[in-house]
Amino acid sequence: MADKCQVSELHAERLKFKPVLPNVLKKGVASVKPVFGKATKSIADYDTVKSIFSHTYGMPVVSFQSGSNNAVSKKTVNIGVVLSGGQAPGGHNVIYGLFEGLKSANRKNKLFGFLGGPSGILDNKTMEINDKVINDYKNTGGFDMIQSGRTKIETPEQFAQAKATLLKNKMDALVFIGGDDSNTNAGLLAEYLKKENVPVNVIGVPKTIDGDLKNEHIEASFGFDTATKIYAELVGNICRDVNSARKYWHFIRLMGRSASHITLEVGFKTQPNMVLIGEEVLAKKMTLSDIINQITEVIVKRSEMKKNFGMILIPEGLIEFIPEMKELISALNDALAEHEDHILTLKEIEEKRDFILSKLPSKLSKLMQSLPLDIACQLMLDRDPHGNVQVSLIETEKLLIEMVSEKLKELKKAGKFNGKFSSISHFFGYEGRCGMPSNFDANYTFALGYNAAALVLNGLSGYLSSVKNLTAKSQDWKCGGVPLTMMMNIERRKGKEKPVIQKALVKLEDRPFKEFAKQRDKWAINDCYMFPGPIQFFGPASVTDITTKTLQYEQKKK
Ligand code: FBP
C-alpha cells in the first residue's frame, strides 16, 4: 500500500481478522499427506482432450490427510502467483494463504507476484510478496496488490516466453488464480511445461463472482458469496424504494457473463417480482418476444391490482441464451474472427455493422436489423482474448424496457392495459467485484491459497485447488486437488474447436432452480420483498457466517 497512507475504520478492523483454516491444514503443510484416488477422464471428448494433454491427462483426484510429510520442507522454493480475469472478492487472501502455507513448510520459501495478470509473465514483471505486503492487504477486496488482466497465453511464442520467464526467475511453480478460461490456460501451460521437461508446476485456484466454475470437487468459486451479498443489499434497498414510492418498475441487470447463478442467488435473497433465468429461456427455446410477453403479463396483472410498480432481475448473459440471439452471436463471432483484418480498416460503427450484415445468413441479418442500433453495435464489440462476447457492455435491461413499453402501448390501444408504466434501468456488476470479502470468502480464499501451497510443495501440476464441505464450519472443510483436464471438453471458440473447462450453468433439474420455481408465482403478485442489508463482519454467526442459499439448497441444508 505504498501510495495509501490512510485506511477506513472498517479496513483497519478487517486487517486484524484471522481466517480459520480447515483442521487438516492447521499444523502446516509438512503435516499433510496427499492421498491419491483413481485415474480420471475429461467430462467429454475424451480422445481429443487426451491427445492435447498427453502429459497431464488422467491424473487422479488428490485429498489431503493429516500425517507427517517433512520432505516438503527440505527444499527452498520460489513460487510465482498471478491473478487472471475479472476481480473477485478474496483474491488477496488466496495470496495470503499461499504465503502462509509456503512459509509453514520453510521460512526461506519465496513468493513472487506477476504484475497485471498473465501479461506480467510474458513481460517478466514481478514483485516479491513479503510480510509487509501481506499485512497491508490481508482480508481486503480487490486485486490491487498485483493487479489482474485478461491476456491469454496461447501462441507458441507466448508459451516459449512464459517458459523463459519462469526459468529466468528460477521458479519452481506458478499458481494461477482464475475462472474457467484462465484455468484452461493454466492447464495448457502445465501440459506445455511437462512436455518441454521444464520442472515448473502449475496449480489453479477457482475464482469468479459468476459462480460457474463448479462441479463435484469445486463446490463454489470464490467471490460469488461476497458479490451476491453486495448485489442483494443494493437490490433489497431498491425493493424498499419500490414498495415505498409505488410508481416505478425497476429493471436490474446483474453481472454473470454466462450462467445465471448470481441472479438466482440475489433472487432468493430479495424475492423480487420477476427473476429471469437464462438457462430456462434456452431450455424452453423462448424467443425475445416470448420473454416480452411474459414480463408484460406480470405488469398487466399487477396493474389490475393497482400495483404499477415492481422489480425484475435480468442476468447479463440472458441475451446469449435466447436461441435466435445465440445463433446470431455465434455467427457474429465467426464473421468477426474471419474478417477481423478488413473490419479493422472500417472507421464508423455503422459501416462495420453494414459489412457484417452482408456476411450473415439472411435470417440472422434480418434479426440484427430488427434490433435497436445501440444493441446491434454492442453485439459487435471486440470479444475478450478468450473469444467471449462482452455481455457486461450490452444493455439488455434497456432493450427489454424498450420492447415492453411498445407491447404495453399496443395492449393499451386494444383496451387490455389500463395501468401506468414508468421504468428505471440499473446494471450492478463492477460494484460487487472488489468488495471486502465476507467472512466466508475471507476463510475460503485463505484455505484455497494454503491448500495450493500444499499441492505445489507436493510436486503436483495441472491441478485446481479444491476445498469442500463448504456449508460446514471452516474447521471441517476438506482439502485436496482436482485435475484440470477432468473438467474439460471441446467447444467452439473464435471459430475454432478448443479444449475448455466446461462452464457450470444453472441446472433446471437441481434444487436451487426447483426451489425458485416453487416460489416465483407468489413473488410476482404479492410483494414478498426481502431486505438483506449490508454484509456483516461482526456479530451473531447467523448473519456473519452464512453461506449462499444456492450452496445451502445444493447441499440440502435448507
Ligand atoms: P471472470 O470470469 O474472469 O471472473 O470475470 C467475470 C466477470 O465479472 C463477468 O461477470 C463479466 O461479464 C466480466 O467479468 C466483465 O469483464 P471485464 O472485467 O473485462 O469488464
Side-chain angles (χ1 to χ4, degrees), residues 82-92 94 116-119 141-144 146-153 176-187 204-215 218 220-231 234 252-266 278-279 313-321 329 378-379 381-397 426-435 437 441 444-445 448 464-465 487 491 493 500-506 550:
V82 64
L83 289 161
S84 178
Q87 281 70 251
H92 289 154
V94 176
S119 65
F143 280 4
D144 39 331
I146 54 172
Q147 309 94 48
S148 181
R150 288 200 185 275
T151 299
K152 185 177 179 192
I153 299 173
F176 227 93
I177 305 172
D180 50 338
D181 287 332
S182 307
N183 275 301
T184 297
N185 216 200
V205 175
K207 169 234 71 168
T208 176
I209 60 162
D210 294 3
D212 56 4
L213 175 47
K214 64 174 172 180
N215 52 51
I218 305 294
S221 54
F222 80 76
F224 178 71
D225 182 83
T226 310
T228 51
K229 282 177 174 147
I230 295 173
Y231 299 138
L234 300 174
I252 305 177
R253 175 168 52 108
L254 293 171
M255 227 179 211
R257 193 202 337 261
S258 300
S260 309
H261 298 294
I262 290 182
T263 301
L264 185 57
E265 174 66 22
V266 176
E279 291 81 343
L313 299 187
I314 304 153
E316 72 171 1
L318 178 74
I319 196 110
E320 285 195 279
F321 281 111
I329 288 170
Q378 287 163 10
L379 285 174
L381 290 172
D382 289 344
R383 275 39 183 163
D384 77 5
H386 297 269
N388 299 306
V389 180
Q390 300 193 53
V391 282
S392 63
L393 306 178
I394 301 176
E395 296 171 310
T396 321
E397 69 286 15
H426 310 260
F427 168 49
F428 298 143
Y430 298 94
E431 293 82 348
R433 299 200 311 179
C434 283
D441 267 329
Y444 182 40
T445 47
L448 282 170
L464 191 59
S465 177
M487 297 176 255
E491 289 176 21
R493 295 288 170 92
V500 288
I501 292 178
Q502 193 183 55
K503 270 189 203 305
L505 301 178
V506 170
T550 304

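Order of appearance sets the numbers: ligands from 1, and atoms from 1 within every ligand.
Near ligand 1, Gly85, Gly86, Arg150, Lys207, Thr208, Ile209, Asp210, Met255, Gly256, Arg257, Glu316, Ser392, Tyr430, Arg433 each place a heavy atom less than 4.0 angstrom from the ligand.
Glu395 meets the salt bridge (charged side-chain N to carboxylate O under 4.0 Å, His left out) test with Lys398; sequence neighbours excluded.
Put simply, CG on Leu318 and OG1 on Thr263 are 9.0 Å apart, with the number rounded to the nearest 0.5 Å.
One finds no salt bridge joining Lys503 and Asp210 here, because no Lys/Arg side-chain nitrogen approaches an Asp/Glu carboxylate oxygen to under 4.0 Å.
Phe224 and His261 have perpendicular rings, their planes meeting at more than 60° on a 0 to 90° scale where under 30° would count as parallel. Ring pair His426/Phe428 is tilted by interplanar angle, where 30° to 60° counts as tilted.
Judged by distance alone, the side chain of Gln87 and the main-chain N or O of Cys434 form no donor-acceptor pair under 3.5 Å.
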